[in-house]
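Just below is one structure, and these are the notes that go with it.
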Amino acid sequence: MPVALITGISGQDGSYLAESLLADGYQVHGIVRNSTEENLSALGSHAALTLHSVDLQAPDALENVVALTSPDEVYSLAAISSVAASWKDPVQTGAVNGQVVVRLLEAASGVQERSGHPVRVVHASSAEIFGQAAETPQVETTAIRPSSPYGASKAYAHLTVGVYRGRGLHASNTILYNHESPRRPETFVTRKITASVARISAGLQTGIELGNLDARRDWGWAPDYVAAMRLAAAAPNPDDYIVATGVSHTIADFLDAAFARVGIDDWSGLVAVNPEFVRPVDPAEQLGDASKAHRELGWAPSVDFETLVARMVDHDLEHFAG
Ligand code: NAP
């Protein structure tokens, strides 16, 4: 039975990834820091799932779990995952998103050397490493020049993955563009919109305050992005892969689609722009070219923008307004 270790298993991607690996017969170890993991509740007490309650920043704790579980595949997902949160605590963001990943790589490398069995590592890198991108669409070789503490922390981890690859570890970066699902918390703009739209349509909320409505993002369906991580782990050679839909939309487009789903065509009186929600430095457009992942991994997104928004709104109608 292949063994996988996931950091960040309680998050959006970690929970989808765990479900996918368990369905394929993996033994899955997940590192958690809280005892209540809403996203994992669907798995219940799956016999092949073991959760390890570990402080990733405690000396030797992470290293001990890697040595104990001796995984075939390691998925590095734990992160302070929002740009906004990274501005609130840039130092902690560097520690969790950067240093912890380096320690994970070192630990995986150590297990590989000691045991002689190969360990494959996939890191959840981010489009934010490109900051105000030098070119559009972005490809794997686009200049790395982050514009937030989040992007800088991801860039450090991303580059260190390359360092360990050079040292013989099968270590890959999936450079993930925004991907959403009903498991996104409301601290992210997409879920804030779909949850608010559901509550507005049920008469439970009167309006939404948002930041820059013109920001363009390349939004995909989270389970598709988790599938790309697994394909990267299974590839003959480790590498870096952009994972994106190649289609971008504005926040206003997202609002159009979400409100249309509940039969509201004119949302102008329901949405207010609050400068508090505008990011200090915001990449105007993120758009990824995933041709390499398509060519080398056989990966392609399966859910388009309209379907993604509809799925999230429908979930929230049931969840908040049902
Ligand atoms: P998420 O839902 O925010 O999940 C983040 C995970 O990291 C959670 O399990 C969280 O644990 C854990 N975590 C956060 N801070 C931690 C800490 N100090 N110590 C230990 N664990 C900590 O993120 P996601 O959307 O699944 O994203 C997965 C990965 O992909 C992240 O690395 C993210 O940066 C990257 N990524 C995501 C996107 C996207 O659009 N979703 C785009 C690019 C890159 P708790 O449950 O205990 O908080």
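Order of listing sets the numbers, starting from 1, for every ligand and every atom in it.
Taking Lys292 as the reference, Asp239 meet the salt bridge (charged side-chain N to carboxylate O under 4.0 Å, His left out) condition, with sequence neighbours excluded.
Between Arg145 and Glu128 no salt bridge is recorded (no basic side-chain N to carboxylate O distance below 4.0 Å). No salt bridge links Lys192 with Glu209; every basic N to acidic carboxylate O contact stays at or beyond 4.0 Å. Checked for salt-bridge contact, Glu63 and Arg103 meet the test: a charged N lies under 4.0 Å from a carboxylate O. With respect to the salt-bridge test (charged N to carboxylate O, under 4.0 angstrom), the residues Arg217 and Asp253 do not qualify.
Between Phe188 and ligand 1 there is no heavy-atom distance shorter than 4.0 Å. Contact between Arg184 and ligand 1 is present, with at least one heavy atom of the residue lying under 4.0 Å from the ligand.
With distances taken over non-hydrogen atoms, the option nearest atom 23 (O) of ligand 1 out of Ser10, Ser181, Ser76, Ser81 is Ser81. Comparing Glu128, Lys154, Met229 by heavy-atom distance to atom 32 (O) of ligand 1, the nearest is Lys154.
Remark: ligand 1 and Ser125 share no N or O pair separated by less than 3.5 Å (distance only, no angle test). Taking any N or O of Gln57, backbone or side chain, none lies under 3.5 Å from an N or O belonging to ligand 1. Not one N or O of Val96 is nearer than 3.5 Å to an N or O of ligand 1, by distance alone. Residue contacts with ligand 1: Pro185 is placed with no nitrogen or oxygen under 3.5 Å of a nitrogen or oxygen of the ligand (distance criterion only). For ligand 1, the polar-atom distance check finds an N/O of Gly8 within less than 3.5 Å of one of the ligand's N/O atoms. For the pair Tyr150 and ligand 1, the shortest N or O to N or O distance falls below 3.5 Å.
Nearest heavy atoms, Pro301 versus Thr245: CG-CA, 4.0 Å.
No donor-acceptor distance shorter than 3.5 angstrom exists from the side chain of Ser126 to the backbone of Ile129, with no hydrogens or angles considered. No donor-acceptor pair under 3.5 Å is formed between the side chain of Asp316 and the backbone N or O of His319.
With a 4.0 Å heavy-atom cut-off, ligand 1 is reached by the backbone of His179 and by its side chain too. Counting heavy atoms closer than 4.0 Å to ligand 1, residue Leu56 contributes side-chain atoms (C-beta onward) but none from N, CA, C or O.
In the vicinity of Leu77, heavy-atom distances shorter than 4.0 Å reach the ligand 1 atoms 28 (C), 29 (C), 31 (C), 32 (O). Near Asn178, meaning under 4.0 Å from one of its heavy atoms, ligand 1 places the atoms 40 (O).
If you check the side chains of Asp224 and Ser302, you find a donor sitting under 3.5 Å from an acceptor.
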